[in-house]
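Down below is the structure, laid out as structure tokens.
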Amino acid sequence: MGFNKKFFTTAGIVASSPSGSSGDITNMSLSATKTITAGSQGNPRGIFMSVDGTRIFTSHKSSGQNWFNQYNFGTAFDVSTITTVQKTFQETQASIPDYLTGLCTSNDNSWISFDPYSTNNYYRRPFGTAGDLSTLGTLGTGSCSRGGGDRVSASQCVSHDGTKLFITSTYNIRRYTLNTPNDFSSQGTGCGTTYSSGGIVTDMGASCRGIGFNLNGTRMYVFGDNRIMGQYDLSTAYDPSTRSNFLKKDLSSVISTNGTMRCVQLNLDASHLYVCMTESKQIHDFTL
């Protein structure tokens, strides 16, 4: 499960073979589970595993204050080597009326993006040192006019080529183009391209808390409450409106603790898929 450098470029992650890009969950089997240790801010509201498999980032609200925590892997993609909290960052400048549930980092760990619960604003900060939470720089702000449940942040992810950022709410999936790959400051503002998640919720039979993609964007994973996960094929890469061939997976028989999935991430040859959950604080490693 080591970090294979040939799959990583400055523009993002690319598959070197058809088998490396498939990421089919049909025969997924649980390989390992790691329960991370909650820091002094308590259980996470949001969680994200970096694309290179070296970091876990979590978001928290404690005593009216919002925080990010960082966990490091001793060996990339080996969940048994995840450390205790290594870095923390208190967010004091963003307007956060409730708490943070959606966050992600760029493929090269040069930026973090986050979307607070119950607000029109979304935010980003650059890392001074790649993937080092204690070095976050100046806050950048965007805004998307949203109402009701559409303001309920769920999760975020970035395409493996570094050109698209996805922000998921309770009702919609929004796709933003990054004019410079992996540079969240090139995201611009507004609501991006919006896709309703209503059909996905119907297929899953559960709330959609987020999405993820295989290495070339032709397969989309959807995930949510009560250990429910799904897979679609996309006829156009990274376009949720072109989905077909839905496959539903109820993981309750292999994930023993109930909770909400907030992040799904492939390793760099698509032989493993990682499911990150908040309430249980668990990272699950599945072999594909």
Side-chain angles (χ1 to χ4, degrees), residues 25 28-50 53 55-62 66-71 73 77-85 98-105 114-118 149 152-157 166-171 173 197 200-201 203-213 220-231 247-267 272-288:
I25 69 171
M28 64 191 294
S29 60
L30 185 64
S31 298
T33 294
K34 173 73 172 185
T35 302
I36 62 175
T37 302
S40 59
Q41 292 84 38
N43 290 346
R45 297 285 192 173
I47 188 168
F48 183 77
M49 176 178 168
S50 67
R55 304 282 192 276
I56 297 288
F57 296 95
T58 57
S59 58
H60 306 260
K61 188 177 183 70
S62 177
N66 287 276
W67 296 82
F68 296 105
N69 286 343
Q70 174 186 324
Y71 302 78
F73 286 70
F77 295 108
D78 183 348
V79 299
S80 69
T81 68
I82 297 174
T83 60
T84 56
V85 177
D98 292 303
Y99 47 82
L100 288 165
T101 44
L103 71 154
C104 74
T105 57
F114 52 102
D115 181 33
Y117 185 102
S118 191
V152 179
S153 169
S155 68
Q156 296 192 32
C157 70
F166 292 85
I167 298 178
T168 304
S169 71
T170 297
Y171 297 149
I173 299 163
S197 58
I200 295 172
V201 172
D203 288 342
M204 291 179 64
S207 296
C208 178
R209 299 301 185 189
I211 62 172
F213 297 91
M220 181 174 78
Y221 312 107
V222 294
F223 47 91
D225 295 337
N226 301 322
R227 296 162 287 180
I228 298 296
M229 182 175 174
Q231 173 181 290
L247 170 65
K248 180 178 177 178
K249 303 285 285 189
D250 183 345
L251 301 179
S252 59
S253 63
V254 291
I255 296 178
S256 60
T257 303
N258 202 2
T260 300
M261 301 182 195
R262 296 286 184 183
C263 174
V264 168
Q265 189 63 265
L266 285 170
N267 71 336
H272 287 256
L273 183 142
Y274 301 82
V275 173
C276 307
M277 307 178 76
T278 45
E279 289 90 341
S280 63
K281 307 184 296 297
Q282 291 182 330
I283 314 299
H284 302 283
D285 174 5
F286 288 89
T287 300
L288 300 184

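Computation of the quantities below employed the complete heavy-atom set of this structure, encompassing side-chain atoms and omitting hydrogens, waters and symmetry-equivalent molecules. Remember, predicted model here, so these are calculated numbers, not experimental data.
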With Asp203 via side chain to side chain donor-acceptor pair (under 3.5 Å) - residues at least two apart: Tyr232
All side chain to side chain contact (heavy atoms under 4.5 Å, CB included) counterparts of Ser252, not counting sequence neighbours: Arg227, Asp250
Where the side chain of Lys61 meets the backbone of Asp98, is there a donor-acceptor pair that is under 3.5 Å apart? yes
Between CD1 of Ile173 and SG of Cys157, what distance do you get to the nearest 0.5 Å? 9.0 Å
Could you tell me which residues satisfy side chain to side chain contact (heavy atoms under 4.5 Å, CB included) with Ser155, sequence neighbours excluded, listed by chain and number? Thr168, Phe223
Walk me through whether Ile283 and Ile36 qualify under side-chain contact (heavy atoms from CB on, under 4.5 Å). CA-CA 8 Å; Ile283 314 299; Ile36 62 175; 4.2 Å; yes
Would you say Ser59's side chain and Leu100's backbone share a donor-acceptor pair under 3.5 angstrom? yes
Leu251 side chain reached by Met261 side chain, heavy atoms, under 4.5 Å: yes
Which residues share a side chain to side chain donor-acceptor pair (under 3.5 Å) with Ser256, sequence neighbours left out: none
May I ask you to decide if Val264's main-chain N or O and Tyr274's side chain share a donor-acceptor pair within less than 3.5 Å? no
Are Ile56 and Gln70 close enough, and set up right, to give a side-chain contact (heavy atoms from CB on, under 4.5 Å), and what steps lead you there? CA-CA 6 Å; Ile56 297 288; Gln70 174 186 324; over 6 Å; no
Partners passing side chain to side chain donor-acceptor pair (under 3.5 Å) against Thr58 (at least two apart in sequence or in another chain): His60
Considering residues at least two apart in sequence or located in another chain, which fulfil the ring pair (Phe, Tyr, Trp, His ring centres under 6.0 Å) criterion with Phe166? Phe213
Any donor-acceptor pair under 3.5 Å linking the side chain of Arg262 with the backbone of Cys276? no
Any idea which heavy atoms bring Leu288 and Met28 closest together, and the distance? CD2-CB, 3.7 Å
Got a sec, which residues hit side chain to side chain donor-acceptor pair (under 3.5 Å) with Thr260, two or more places apart in sequence or on another chain? Asp225, Glu279
Are the side chain of Gln231 and the backbone of Tyr221 linked by a donor-acceptor contact shorter than 3.5 Å? no
Which heavy atom of Ala38 sits nearest a heavy atom of Asn43, and at what distance? CB-OD1, 3.8 Å
Verdict with supporting geometry, Met229 and Ile25, side-chain contact (heavy atoms from CB on, under 4.5 Å): CA-CA 10 Å; Met229 182 175 174; Ile25 69 171; 4.1 Å; yes
Provide the closest heavy-atom pair for Cys263 versus Ile47 in the form atom of the first, atom of the second, distance. CB-O, 3.5 Å
Would you confirm whether Ser197, through its side chain, and Cys208, through its main-chain N or O, come within 3.5 Å as a donor-acceptor pair? no
Please check: side-chain N/O of Lys248 versus main-chain N/O of Met204, any donor-acceptor pairing under 3.5 Å? yes
Kindly give the heavy-atom pair with the smallest separation between Asp115 and Ser153, and that separation in Å. O-OG, 2.7 Å
Backbone of Ile228 reached by a side-chain donor or acceptor of Asn226 within 3.5 Å: no
Taking the side chain as C-beta and beyond, is there a heavy-atom pair between Met49 and Phe77 under 4.5 Å? yes
Tell me every residue that passes side chain to side chain contact (heavy atoms under 4.5 Å, CB included) with Thr257, counting only those two or more places apart in sequence or in another chain. Ser280, Gln282
We want to know whether Gln41 and Asn69 form a side-chain donor-acceptor pair, criterion being a heavy-atom distance below 3.5 angstrom. yes
Step by step, work out the side-chain contact (heavy atoms from CB on, under 4.5 Å) result for Phe114 and Phe68. CA-CA 10 Å; Phe114 52 102; Phe68 296 105; 3.6 Å; yes
List in chain and number order the residues that pass ring pair (Phe, Tyr, Trp, His ring centres under 6.0 Å) with Tyr117, two or more places apart in sequence or in another chain; answer none if no residue qualifies. Tyr99
Which heavy atom of Ser50 sits nearest a heavy atom of Gln265, and at what distance? O-CG, 4.2 Å
What I'd like to find out is whether the side chain of Ile255 reaches to under 4.5 Å of the side chain of Phe286, using heavy atoms alone. yes
For Ser31, enumerate each residue passing the side chain to side chain contact (heavy atoms under 4.5 Å, CB included) test, keeping only those at least two apart in sequence or located in another chain. His272, Asp285, Thr287
